[in-house]
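Report on one structure; see the data block that follows.
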Amino acid sequence: MAVSEEESSSSSSAGSSKSRSYASRGASYLAKTVLRGSVVLQVVYGRIRSPTSYDVVFGKETSIELVIIDEDGVVQSICEQPVFGIIKDIAVLPWNEKFRVGSPQLLGRDLLVVISDSGKLSVLRFCNEMHRFFAVTHVQLSSPGNPTDQIGRMLAVDSNGCFIAASAYEDSLALFSRSASAGSDIFDKRIFCPTDKQGKIETANGFTSICGTIWSMCFIAKDVQPNKDYNPILAILLNRRRSYRSEIMLIEWNTKEHSLYVVYQYSELGPLAHHIVDIPHSYGLVLVLRAGDAIVMDFKVPHSPCFVYRISLNFTPPSVEEQNFVRETIRIPDIIDEEGMYSVAASALLELSDLNKNDPMNIDDDSNVKPGSNFVCSWSWNPGNENSPRMIFCADSGELFLIEFLFDSDGLKVSLSDCLYKTLPAKALLWVRGGFLAVIVEMGDGMVLKVEDGRLVYRSPIQNIAPILDMSVVDYHDEKHDQMFACCGMAPEGSLRVIRSGISVEKLLKTSPIYQGITGTWTVKMKLVDSYHSFLVLSFVEETRVLSVGVSFSDVTDFMGFQPDVCTLACGLVGDGLLVQIHQTAVRLCVPIAAAHPDGIDSASPTFTSWSPDNMTISLGAVGPNLIVVATSSPCYLFILGIRTISAHHYEIYQMQHVKLQDELSCISIPQRRLEQTSFISRTCNTNGVPLDSLPVGLDISNIFVIGTHKPSVEVLSFTSDKGLSVLAVGSITLTNTLGTTVSGCIPQDVRLVLVDRLYVLSGLRNGMLLRFEWPSISAISSLVSPGLQTFDNSWMVNCTSSSIFASQNFRTQPTQVTSLLDKTKDFPVYLQLVAVRRIGITPVFLIPLNDSLDTDVIALSDRPWLLQTARHSLSYTSISFPPSTHVTPVCSTECPKGIIFVAENSLHLVEMVPSKRLNVQKFHFGGTPRKVLYHSDSRLLLVLRTDLSDDLCSSDVCCIDPLSGSVLSSFKFEPGEIGKCMDLVKAGNEQVLVVGTGLSSGPAIMPSGEAESTKGRLIVLCLEQMQNSDSGSIAFSSRAGSSSQRTSPFREIGGYAAEQLSSSSLCSSPDDNSCDGIKLEESEAWHLRLGYSTTWPGMVLAVCPYLDRFFLASAANCFYVCGFPNDNAQRVRRLAVGRTRFMIMTLTAHFTRIAVGDCRDGILFYSYQEDARKLDQVYCDPVQRLVSDCTLMDGDTAAVSDRKGSLAILSCLNHLEDNFNSPERNLALTCSFYMGEIAIRIRKGSFSYKLPADDALRGCQVASNVGDISQNSIMASTLLGSIIIFIPLTREEYDLLEAVQARLVIHPLTAPILGNDHTEYRCRGSTARAPKALDGDMLAQFLELTSMQQEAVLALPLCAQNTIMFNSKQSPDPITVNQVVRLLERIHYALN
């Protein structure tokens, strides 16, 4: 459940004392990112996962994401991992067969080159087994943090993958040569420029330097033989200090003599140049992008280059240049810098002009060709087009154009298209195979476009919720899962987003709650080769119903042949048109008729036949292609059944083998599509371009199935017609807790065979645990001794002879004991290795694959649903944003190809997991920039403060938003030129009013010194009132009534809702839907905002907040006031007291009587208010100067504050008494700090997480006993990059345990920061080294992604001197066990993920 700051401030004193106890223990916190930033700063393309896969990599400043763009143009995330640093630039190092690689995994695959704030050049590879990036090598270039004169800003890679260049912001760069040998060092040569201390580089006429800003660089491509060495030439675009000229410099690296030589320099006064780009496959041609034009230059002869063509970028009416090869189409203002502000210096910085009329580089001497007014802000080349390179570019006007370079006998021809698409100016473009174009937009959603017939067509969005300017967390309508309303983006792409935890699902349909007592759900196809399901089978305690899958889910039970008055244990398709129903007394083979399905038999009634065990009750069953497996209990037998034809549409179930079991079975699973999977898992085939490892020796996937036993164990069995039943592999389940006692309830509830890169077995247990078993290595198998195996063989199958039915045409009779049966198998069964154990709940875990493929992801259903990513190493799972459910089954139809049916609260819910939703976010788009959002509980409406509106009469307002549809119901518009700055809900007697602060002056509110400018603002009090029976204000969404009965069609058609019950839990959650049909608001009254009070103050009103339930605080300039409503009259406001600071006040927050003021330079100041004397006294002060971004009070003594440098700190006054200090200077203590690498614009007390169930097993862990209180004591931060980070309080014991684990993780090769950052240095930035640090939850979360053996290796890792952990106790600490760490991290993961 979400707990907001408002709720926390009104909690009881008991809750306050509990919070105080956390702070008194030292404010130990763990920082965990629950939503990673969505800002994409770099985008590259290459063969990252395999030689045949084409992958896209997003650089997101603090994380790196690997995605693919599928055939529908949808961006699907493969993996995303934090880098524990700040990415500066990313480039792809292409594979070249000239280079030998030390590892076969790198053969034919591209590498990533990253430059970051670590001061290192990092080369990364993607590991399919671990499903993440790892560092191949690091090269130290500069000190951490990248000063402007040290290398660490920009990368350039040679098109052949032989050379890399890295530059600083100014004055220096470095070049690297890739090694052709298979050694450990990927670079064999490197050189820094300048090479001497004087900063000089040799030229033909003497010496020169590169003193100035390096704006762009690229290698000049050469047409060389693959195995021939050559000297690279780097072209750089340079602006020297105090110069208005731009300079092109060509630097040649003589790799044999290890020297640099400037082969050409050119500068002139002309239009602004900002990028130099190599034209692919042209060998020597480059494109220089300037303000108003783009010029093509020929550098084939580096010592004497020449100007070739000029393309004007002035998109006024089309004009044709003299050469008749260009059509123009753009318009552009002046260059804007990264701040979006016009800069005269930047505009004059990069220019080219003509100094010699006879110079072949003469560019601007033709007075007939004038530069345009536009410039190129992003571009991308067509992949793989060698004959005629094509480039799509985006102008600063947001228009997209195509340039094509044609080579023929007459030379180069260049053509420029008309505008192909209009959007916002794109920060980056990426043209990928399949004709898709990824468009990355700042502060708004990007998109995927498709090149079709010479035009660009929209395909799907690339969601970007950054920046998050404000947030409000609520448990809306008691949906049992949390959602956050966030103000995201900037005008014109500002929007309100509804962010939900877990994986997004789109809720399509919901039935009325009439499905009590469901015991099982299955979806079944009509034929083995069908792509879509045909039937939905629902099993009840004493009934079975079958529904047809389609637009209308109609009841076809009477046409199927299923026995309707029994509880079905299992069902499935055994052959084309042949369905099997298994219940307690029989196995029933059914042939549906045409009334149930078009491919059914033409008959008045279905045909069926049955098989029953003699005087035994069936307890379990499973159905697969041409195979039926059932088990009985008391006595315990396992039966293998087959199907044979008697006549047309008449079949017989016959018994092929049966064995007696010593241990009862708990579950059975038969892989579907077994025959097709034989080719699928061959040693040479691929899955999504990723090579598969070979299967275990002697294992044929087409004849195996998996069982779980009460022993307990999981076992892989094989059945063939010649050898019968044999045991291939066994995984014994014996789990112990931290006390060494055996964990109870470890009986398998469900098992599944998975094949992704390797074959492994998943098992869900009845106690809520999830296990992963893998086949051991060949060396481990050979070490097993046969006596132990023989003992196990006798334990599960006892003496049993085959029945006479074995004498069938498909099976040779083998009346023998099981032991001899196993002795005749070629190999003994192997012991499976238990590689990972996780607890995901307390109820039995069911495993439901999303489709029939062995590599599909799996829904793990326990207390709530989780999505298990089968391709991930170990066990990786994420919660699904859906309430707790009892059953789930996938359903695939033409109308809903990726549907899932959940059974929850006695209703059937049809949902869809949409792959385009990389974020579980719903978007409500409206004009302007949303600055502040509040939830008004009485009206159940959102109050949003907007600025930058396009309205001529009003640029800012406060509006009421319907949280269901995002519709603006009413608004209060400010005066022309007035801009809203802040707002909050305040009590005035028994009602809530909205207090708003505005600015009436244009220009900045703060001087560069931090003092307040001379401005004016307004304090406004708005009352929320209902308008009874107002036609203009009431909003109603109609619901179409259904015509068919519930039994005939429990679901409505796709997109509608069942008429029986319409609730908020059946709302659409599409990220692009702005409304949801089929919903009617409960109240017909509309709410509107009425002006109650207004007054002008000296200074912009930047902060307001409630105080003591009867006052409120408001700040203007460097003053803040305690205000009240006389006689609880909202139409009057009285200032009761005033406090002053030295600099501009940015934030105000209060907790009971404590007031915290955020000063823009002096940091956080604590005040107390004496109500009798109406006086404010400063009692505590921040120990350091701090540029405050936001602040919240955890209790009366502790404040959490974020700054504009990317850090969050916890300040406390617990160790001081107010009476003991005559001066409040620097007496707040820093109890905890954490460098996030992102600026947190808003922080709140509370948690964005699920409620935890009453889990005795989880709570029983000593170190995890207090994590359940996170919702009351956590801190939630939202950042400019779109991240959401939660700080979780820990006890001292928990902190010490995880600190020891973190110290090992940061140095272990599998989990260390991939960019080479010193983790301690990175997280300590902005604070002193001795200040207590919050633990890094992202680093600790990697522990759960490791196998058990890898976890043991991490904990056994000895720590070096700088990572030695200090404990309070003089005695050596107890050894840390994997179980201790996993249990604690599981609980945190369970609560937050």
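Nothing here was measured: the structure is a model prediction, and the numbers come from that model.
Note that CG of Leu945 is 8.0 Å distant from SG of Cys487, once rounded to the nearest 0.5 Å. To the nearest 0.5 angstrom, Ile1285 atom CD1 is 9.0 Å from Arg36 atom CZ. Here the OG-CG distance, from Ser881 to Leu867, works out to 12.5 Å after rounding to the nearest 0.5 Å. The distance from atom CG of Asp1162 to atom CG of Asp1182, rounded to the nearest 0.5 Å, is 8.5 Å.
Between Leu1211 and Val1201, some side-chain heavy-atom pair lies under the 4.5 Å cut-off. With a 4.5 Å cut-off on side-chain heavy atoms, Ser1207 and Met1236 do not count as touching. Between Tyr1235 and Ser1327 there is no side-chain heavy-atom pair separated by less than 4.5 Å. Contact check for Leu1344 versus Val1382: side-chain heavy atoms found under the 4.5 Å cut-off. Side-chain atoms of Leu1315 and Val114, non-hydrogen and from C-beta on, do get closer than 4.5 Å to each other. Counting heavy atoms from C-beta outward, Val40 and Asn464 have side chains that stay 4.5 Å or more apart. The side-chain heavy atoms of Gln922 and Arg500, taken from C-beta on, include a pair separated by under 4.5 Å. Looking at Val1188 and Ile1164, their side chains come closer than 4.5 Å, going by heavy atoms from C-beta outward.
Side-chain atoms of Gln42 do not come within 3.5 Å of backbone N or O of Val57 as any donor-acceptor pair. Using modelled atom types, one side-chain atom of Gln1351 and one backbone atom of Phe1343 make a donor-acceptor pair closer than 3.5 Å. A donor-acceptor contact shorter than 3.5 Å links the side chain of Thr1231 to the backbone of Ile1210. Checked by atom type and distance alone, the side chain of Ser495 never pairs as donor or acceptor with a backbone atom of Arg497 at under 3.5 Å.
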As a quick check of understanding, evaluate side chain to side chain contact (heavy atoms under 4.5 Å, CB included) for Val498 and Phe924, giving each step before the final call. CA-CA 8 Å; Val498 185; Phe924 295 144; 3.7 Å; yes
For a side chain to side chain contact (heavy atoms under 4.5 Å, CB included) check, start with the C-alpha distance between Tyr1180 and Arg1154, then their side-chain angles and the critical distance, and finish with the verdict. CA-CA 11 Å; Tyr1180 296 105; Arg1154 176 72 73 219; 4.0 Å; yes
Go through Ser1202 and Asp1190 one step at a time and tell me if the side chain to side chain contact (heavy atoms under 4.5 Å, CB included) criterion holds. CA-CA 5 Å; Ser1202 62; Asp1190 197 18; 3.9 Å; yes
Run the numbers on Met1276 and Ile1243 for side chain to side chain contact (heavy atoms under 4.5 Å, CB included), then give the verdict. CA-CA 5 Å; Met1276 184 166 47; Ile1243 59 176; over 6 Å; no
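For the 3.5 Å distance criterion, the side chains of Ser1189 and Asp1203 fail to qualify, holding no donor opposite an acceptor. For the residue pair Asp1336/His1319, the side-chain donor-acceptor check at 3.5 Å is satisfied. Side-chain contact annotation: Arg132 with Gln1342, donor-acceptor N/O pair under 3.5 Å present. Checking Glu1294 against Ser28 by side-chain atom types alone, no donor-acceptor pair falls below 3.5 Å.
A centroid separation of 6.0 Å or more is found between the aromatic rings of Tyr29 and Phe1234.
Salt bridge present: Lys32 and Asp1338 bring a charged side-chain N and a carboxylate O closer than 4.0 Å. Salt-bridge check for Lys932 with Asp984: failed, with every basic side-chain N at 4.0 Å or more from each acidic carboxylate O. Glu1238 has no carboxylate O lying under 4.0 Å from a charged side-chain N of Lys1205, or vice versa, which leaves the two without a salt bridge. Under 4.0 Å is where a charged nitrogen must lie from a carboxylate oxygen, and between Asp117 and Arg1325 at least one such pair does. Electrostatic pairing of Lys923 and Asp445 counts as a salt bridge here, judged by a charged N lying under 4.0 Å from a carboxylate O. Between Glu80 and Lys60 there is a salt bridge, since a side-chain N of the basic residue sits under 4.0 Å from a carboxylate O of the acidic one. Checked for salt-bridge contact, Lys120 and Asp1318 miss the test: no charged N lies under 4.0 Å from a carboxylate O. Ion pairing of Arg931 with Asp470 is absent here, as no side-chain N (NZ or NE/NH1/NH2) approaches a carboxylate O to less than 4.0 Å.
With sequence neighbours excluded, the residues that form a ring pair (Phe, Tyr, Trp, His ring centres under 6.0 Å) with Phe133 are Phe126. Thr1147 meets the side chain to side chain donor-acceptor pair (under 3.5 Å) test with no other residue; sequence neighbours excluded.
Glu493 pairs in a side-chain contact (heavy atoms from CB on, under 4.5 Å) with only one of the listed residues (Met443, His925, Glu442), which is His925.
Here the closest non-hydrogen pair linking Asn1317 and Ser116 is OD1-OG, 4.2 Å. Looking at every heavy atom in both residues, Ile86 comes nearest to Gly1237 through CD1-O, 4.2 Å. Contact detail for Gly489 and Thr929: the closest heavy-atom pair is O-CG2, 3.7 Å.
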